[in-house]
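Below, read A as the first sequence line, B as the second, and so on, with proteins coming before strands; counting in each chain starts at 1. No hydrogens, no waters, no symmetry mates; every other heavy atom, side chains included, goes into these values.
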Number of protein chains: 4
Amino acid sequence: MTSGGDAPGMNAAIRSVVRTCAYYSTECVGIYRGYQGMIEGDFVTMTARSVNNIIQKGGTILKSARSKEFMTAEGRKKACDNLKEHDIDGLVVIGGDGSFTGGVVFNKEHNFPVIGIPGTIDNDIFGTSHTLGYDTALNTAMDAIDKIRDTASSHNRLFFVEVMGRDAGFIALNTGVGAGAEEILIPEEDLGLDRMLESLKKSRRSGKSSSIVVVAEGDKSGRNVYQLAEYVEENMPEYEVRVSVLGHMQRGGSPTCFDRVLASRLGVKAVELLIDGKSNLMVGLKNDKVSTTDLEKAIKGQCEIDMELLRVSDIMTT
Amino acid sequence: MTSGGDAPGMNAAIRSVVRTCAYYSTECVGIYRGYQGMIEGDFVTMTARSVNNIIQKGGTILKSARSKEFMTAEGRKKACDNLKEHDIDGLVVIGGDGSFTGGVVFNKEHNFPVIGIPGTIDNDIFGTSHTLGYDTALNTAMDAIDKIRDTASSHNRLFFVEVMGRDAGFIALNTGVGAGAEEILIPEEDLGLDRMLESLKKSRRSGKSSSIVVVAEGDKSGRNVYQLAEYVEENMPEYEVRVSVLGHMQRGGSPTCFDRVLASRLGVKAVELLIDGKSNLMVGLKNDKVSTTDLEKAIKGQCEIDMELLRVSDIMTT
Amino acid sequence: MTSGGDAPGMNAAIRSVVRTCAYYSTECVGIYRGYQGMIEGDFVTMTARSVNNIIQKGGTILKSARSKEFMTAEGRKKACDNLKEHDIDGLVVIGGDGSFTGGVVFNKEHNFPVIGIPGTIDNDIFGTSHTLGYDTALNTAMDAIDKIRDTASSHNRLFFVEVMGRDAGFIALNTGVGAGAEEILIPEEDLGLDRMLESLKKSRRSGKSSSIVVVAEGDKSGRNVYQLAEYVEENMPEYEVRVSVLGHMQRGGSPTCFDRVLASRLGVKAVELLIDGKSNLMVGLKNDKVSTTDLEKAIKGQCEIDMELLRVSDIMTT
Amino acid sequence: MTSGGDAPGMNAAIRSVVRTCAYYSTECVGIYRGYQGMIEGDFVTMTARSVNNIIQKGGTILKSARSKEFMTAEGRKKACDNLKEHDIDGLVVIGGDGSFTGGVVFNKEHNFPVIGIPGTIDNDIFGTSHTLGYDTALNTAMDAIDKIRDTASSHNRLFFVEVMGRDAGFIALNTGVGAGAEEILIPEEDLGLDRMLESLKKSRRSGKSSSIVVVAEGDKSGRNVYQLAEYVEENMPEYEVRVSVLGHMQRGGSPTCFDRVLASRLGVKAVELLIDGKSNLMVGLKNDKVSTTDLEKAIKGQCEIDMELLRVSDIMTT
C-alpha cells in the first residue's frame, strides 16, 4: 500500500513489489487508500501483468489517504482482521514518517510484519540518502526555476520562488544550487534578513541585474515568501520584486531514471525481507547500496543537511 | 527591439529580423530594454553571427522594460533623435498591445516607419490567430496541470489551478481542454458559481474522485482563485480543495517548434515590409498564412474566444 | 478504431469520440487493432469513464495493426457482419491515407457510414492543415536536434539528422527551421548535392564551426543519409561528419496541447456528423476551423509544402 | 579546460571552477578546445560574470577536441610554455580517461599541477560513483525509450534500442530497468543469444504483446544491434522487429539537477586542491561525499557494474 503524501516513483515501487512476489511465487494483494483502505477492506489481487506500463507514471495507482480511524486501537484491530481474512502475512508500506509511525504501532499491537519503503519528495527520512520522488521533485522544481530565470533576466527582476519542504531544506538547497539561485533560504539555517539583503545588494553591485531567491516552505525567518518579498521591495526599491509559489506540481510527473531504479531496487529488498521473516525495517539507500534501518530509528532519526553543499552554494553566488 | 512582457520566441524573432537584414545587406541595430533603451541610446550593432544559438532560448537577449518617459512627447523626441543619429530608418517592435500603442503614437509624431510583431503569451491581439509565445505557454501550463493531476487523482482532491490571461481566456480554455479539466473559468463567460458547483457535483456523482478546475487570472466571477476554492470547500465538504497558481514560469522556457517557426516567418516579413517602404502594420498569421494588419486595428480590435471550443469543453466533461 | 501507424493524440481522439457519444446518449464500441480487429470481432463497449486519464498518453489504447485480410472482399464482408451483429451504425476511423482507403472501399461495398479523423505524424493528408500527432512529432524531433546541436557545437562537427517523412518534407522543413539547421533536404525539392556542398562551405566560411543538416527519410537526392554524410566527408575533409537517425521515438510521447485540443475538436465533429446521417467525410482543420472534406478527395488530393517557409529557411541560413 | 567527448554538466563545472577562483581571488583562464587549444595558446580570461547563465546549458562553452599533437613530447612542451607564459600555475581538466592520461603524462614531464574532474556520460571512471553527464544521459535515453514504448505497445512490436556505452553497460542497465525493458544486453555479461530468445518467448507467452530490448553499443554478443534484430526476426516470426539507435542526442541537453549540483561541488574541490598545492588527483563522489582518487588509479582502475541491479532487472522482467 501507499500512504501519506504521494510521490513520483510510488508506482514503480508497487510494480517492483508485485513483480518480486510473482518471482517468488508469492501472492500479492494491493490495498487502496493506505490505512483507511486497510480498515475498509479495499483490497485487490495483483499479478505481474496488473502492473504493466505503470513504472513511468506519477502518483499512485493504489491511491493514498490519511486515516483518522487508524489512529484508534479499534481501527487498527479492524485493519488487522481484514488482513488476516485475506491470508495476508506481511505488509509493505510505501510512504513517509507518518505512515511508518502507523506501521510501528500496528506491528507492536498485532505483531504483524511490516517493512517500510521511503516515499516522499521531501527526502526527510533518516536511514536513506534518497527517498522515492525526491530526485524527480528536484528536477521538476529546477526546470520551473529555469523558466522563471528566463523572464527574470529579461526584466531585471528579483524573484522569490517557494519550493516544497516544510521541515527540510533539501529541495531548496539542491534546486537553488542547480538553478544558480543568488540566495537560498532553508529551515536549517537562519541567516537573518539583513544578511540576505546584504547579499542581494552585493549581487546587484557585481553587475547582476536579475536575481532568484529560493525559499523553502518552512524557512526559519518566520516570515512567509510574500512577506520576504515585501521586505526586500521596501529596502531595495531599485528591484521589481515578484513571488512564485511552485506548489503541488512538484509532487507529480513521470519519475526520473534514478527514482525508477531506486524504486525497483527497494521493492525487491522489501519483499525479500518479508519472505526471510524480517519485520520493522525500512529499506533505503546508504552509500549507494540498498540497506536496512530499524523502522523506529527511521522515524526518530534526524536527517541532516549537507553543510558542504551550503558552503558550495555560498561560493557559487560570489 | 522587444518591449512589454517577455514571451518565448522573442529571441527567435530577433534572430529572424537580424538574419533577414543580413540577407538583404541591410544594417541592423538592436535596441536594449524597449522604448526606455531607445531614449537612452542603448543600441548594439547586430550581424548574422550575433544571433547564433539563440533560437532555442526563452526570454529576450535585448531585454525588455516599461518606459514612463516614452509616454511623454519629450521622451519620444529624444528617442527619435537617437534613431536618426544612428542612421536608423525603420523600427521593428516585438511586443504586445501597449508596445504597439507606443509605436503608433511615435509614428504619428515623427513619421517614423514602424512594423509590429505580436509577442505575448496571452494571444490577445487582433489580426493574428497566434502571438509569439502563446503555443509555448499553453504547453508549459498544461504540463504543470498534468503533474497536478497525478497528485490530485492519488488523493481524491479538487484543485483550482490559476493560469495566466488577465483579459483573455485563451490559455485557460486551451490548457483546460488539453489537460482534461472538469471545469474552466474564463473572463469571457460568467457562468455563475452555482453552475460550477452543480457541474462539480455532477462530476463527482459520475464516479470521478478528483477534479481540476482551470481558472484564468481575470475570471469574471469577481472572486480570486483562493476565494473560489473556499466557496467550494464550504459547499462540498466531501472534497479536499487545493489551490495552485502557476505564475511566471508560464512566461519562460525554450519555445516550441510552432513558436520558433512563426517567429522566423514574421521576422522575415517585418523586414521586407520596411524595405518596401511600408509602415504602421503588424505582421501576423491568418488562416495559416503570414499577413498584415493595420497597427491601429490590431490595438483596437477585439479578439474573440472560440465558442466552438467552449462547446467542445462542455462535451468533454460529460 | 485506430488504424495504420500510431500517432500522439490518437488516445485524445478516442476519448473525444467516446465522450461525445455519451453526451448524445449514444452507445459507443471500441474496435481493437484496426480493420483486423473488426474482422475478428475484437470489440469493447466504452463509456465516458473508460477513457479517464488517457488524453495525455501517447500511442493508442485500442492498438493498431495492418490487415491483409481486409484487402479482400471476404474479409470486409466478415467485418461488416461483425459490426451489424453488435448493432453498430457508424464507424469513426482514426488513421492515415491507407486507413481511409479501406474505409472508402468498405463504404462503397456495404453502404456503411464512415467518418475519418486524420491521425499521422507525417501531416501528409489533403484537406486538413494539421493531422493529429504532427505538432507533437515536430517538437520531439526538434528537441532531439537541439540536444545534438549541443554536442555538435562543442566539437565543430557536422551532423546529418534524419527525421521521419517518407513522402513529405513537413517534419524536416519545420524542425529544420525550428532547430536552426544550416541545410534542410526534403523530398519535394531536389537541390542537388553540389548546392548543398556549396551552402555548407559558405556557412563554414562565414565563421560557423558546426552545422546541422536535417534530412527527410524520403529525400530526393537518391542517396540515404549515410551516403550523404560520406559524400560530404569526402568533399569537405575539414569537417568531422556524424549521422543520427531519430527513428521511432518521433511516433511516441505525450501529445502537445495543440494535438490534444485538435483531437478533442475533431472527435466531437466526427460523432456529430454520424448522428446527422453523414458519411464518407474526413474532419480536419482548415483556416483554424473544424471543417470536412470528402474522404476520397482527402486520399487523392496532393498536400503541398509551403514555399514561403522554404524561402524563410534559405534566409535564416544566410 | 574541457577535453574528450562532451557531456552535460561540463558548463556547470566550468562555472564552478571560475566562481571558486573568484571566491579565492585567484585569476582564472579558460582554455579552448582541450589540449589542442593549450598548444595553440587559445586562452581566455574568465571572471565570475563570464559564466553567468551557463549552468543550464548542455555542451561546453570552452569546446572540446582531440589532439594528436599533444601525444608528442614536442606538443606538450609547447603547451607547457604557453601555460607558463600566461602565469598559469595549475590545470583543471574536465574529461574522461583519455584526457586524464594526457594530464598524467603532462604532469610527469613538466611537473605541472593537474586536477581531474570526471566528465563523461559513460560513467566508466574508477574512483567516483557518478561522472558528470551520466545522470542526464540516463534520463535522456530513458525518455526516448518511453516514447518508443508508446509505439511498440500500439503495434505489438519488438524493439531493439541501442544506447551509448562502448565499454560499459551502466547506461543500458539503468535505462533498461528504468524504462521497464524486457531484456538488457551489456558488455559486462554475455548471456548468449539463446537465453535472450528464451526470455523473449517467455515474455510473449506470459501475455506481453510488445517488448523492448536495450542494447549497449559494446554488447558482448559480437553482433551489432541490427544483426541481433535480424536473428530474432528469423527465430520469432510472430514479432515485427524494429531497431532504434539513440545516438548522439544522449550527449546533449540541459543537465539534470544532480549533474549541476555534482559539477558545482567538484569544481569547488578541484580549485581548493590546487590552491592547497595538491596535484595528480581526480575529484569524485564516493558514498555521496566529495572525495579524491589518485589520477593514475582513476585511469587504470576497473569500474564494476552493480550485480545487484542485474538481479533486480531479472526479477522485474518476470
Side-chain angles (χ1 to χ4, degrees), chain C residues 2-8 10-11 32-34 36 56-66 119 121 133 136-137 140-157 159-162 164 209-210 212 240 242-255, chain D residues 2-8 10-11 32-34 36 56-66 119 121 133 136-137 140-157 159-162 164 209-210 212 240 242-255:
Chain C
T2 49
S3 168
D6 63 309
M10 281 187 163
N11 280 326
Y32 284 108
R33 293 177 299 119
Q36 190 57 33
Q56 81 280 13
K57 278 190 194 163
T60 155
I61 59 166
L62 289 178
K63 308 222 169 200
S64 188
R66 293 174 208 281
I121 62 166
T136 304
T140 301
M142 188 188 72
D143 288 350
I145 304 175
D146 278 356
K147 288 186 168 66
I148 292 172
R149 168 80 66 190
D150 284 342
T151 186
S153 59
S154 297
H155 282 282
N156 300 349
R157 278 174 180 162
F159 267 89
F160 282 81
V161 182
E162 187 191 284
M164 285 204 163
S209 57
S210 67
I212 304 276
E240 264 190 274
R242 292 286 182 279
V243 169
S244 187
V245 175
L246 296 187
H248 279 82
M249 60 171 286
Q250 295 167 83
R251 293 205 171 281
S254 184
Chain D
T2 50
S3 167
D6 63 310
M10 282 187 162
N11 280 327
Y32 284 107
R33 291 175 302 118
Q36 190 58 33
Q56 80 281 14
K57 278 191 195 164
T60 155
I61 59 165
L62 289 179
K63 310 221 168 201
S64 188
R66 294 176 207 281
I121 62 167
T136 304
T140 301
M142 189 189 70
D143 287 350
I145 304 175
D146 278 356
K147 288 186 169 68
I148 292 172
R149 168 82 65 190
D150 284 341
T151 186
S153 58
S154 298
H155 282 282
N156 299 350
R157 278 177 179 159
F159 267 89
F160 282 82
V161 182
E162 186 191 286
M164 286 202 162
S209 58
S210 67
I212 303 277
E240 264 189 273
R242 293 285 182 279
V243 169
S244 188
V245 176
L246 296 188
H248 279 81
M249 60 171 287
Q250 295 167 84
R251 293 203 171 281
S254 184

Going from [atom1] on [X] to [atom2] on [Y], what distance comes out if it is rounded to the nearest 0.5 angstrom?
X: C:Thr2; Y: C:Leu62; atom1: OG1; atom2: CG; answer: 5.0 Å
X: D:Ser210; Y: D:Arg157; atom1: OG; atom2: CZ; answer: 11.0 Å
X: D:Arg251; Y: C:Ser154; atom1: CZ; atom2: OG; answer: 10.5 Å

Selection from [options] maximising heavy-atom pairs under 4.5 Å formed with chain C:
options: D:Gly59, D:Ser64, D:Ala7; answer: D:Ser64
options: D:Met10, D:Arg66, D:Arg242; answer: D:Arg242
options: D:Asp143, D:Thr151, D:Ile148; answer: D:Thr151

Contacting moiety of [X], where chain D heavy atoms sit under 4.5 Å:
X: C:Asn156; value: side chain
X: C:Arg149; value: neither
X: C:Ser244; value: side chain
X: C:Asp146; value: neither

With no hydrogens and no angle check, do the side chains of C:Thr60 and C:Asp6 hold a donor and an acceptor under 3.5 Å apart?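 Result is no, nothing qualifies.
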Residues two or more places apart in sequence or in another chain: which of them pass side-chain contact (heavy atoms from CB on, under 4.5 Å) with C:Thr140?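 Partners of C:Thr140 by the side-chain contact (heavy atoms from CB on, under 4.5 Å) criterion, ordered by chain and then number, come out as C:Thr136, C:Met249, D:Lys147.
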Greatest number of heavy atom pairs closer than 4.5 Å to chain D - which of C:Val245, C:Asp150, C:Val161, C:Ile145: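 Among the listed options, the one with the most contacts to chain D is C:Asp150.
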Could you pull out all residues at least two apart from D:His248 that satisfy ring pair (Phe, Tyr, Trp, His ring centres under 6.0 Å)?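 If we apply the ring pair (Phe, Tyr, Trp, His ring centres under 6.0 Å) test to D:His248, skipping adjacent residues, the hits are C:Phe159.
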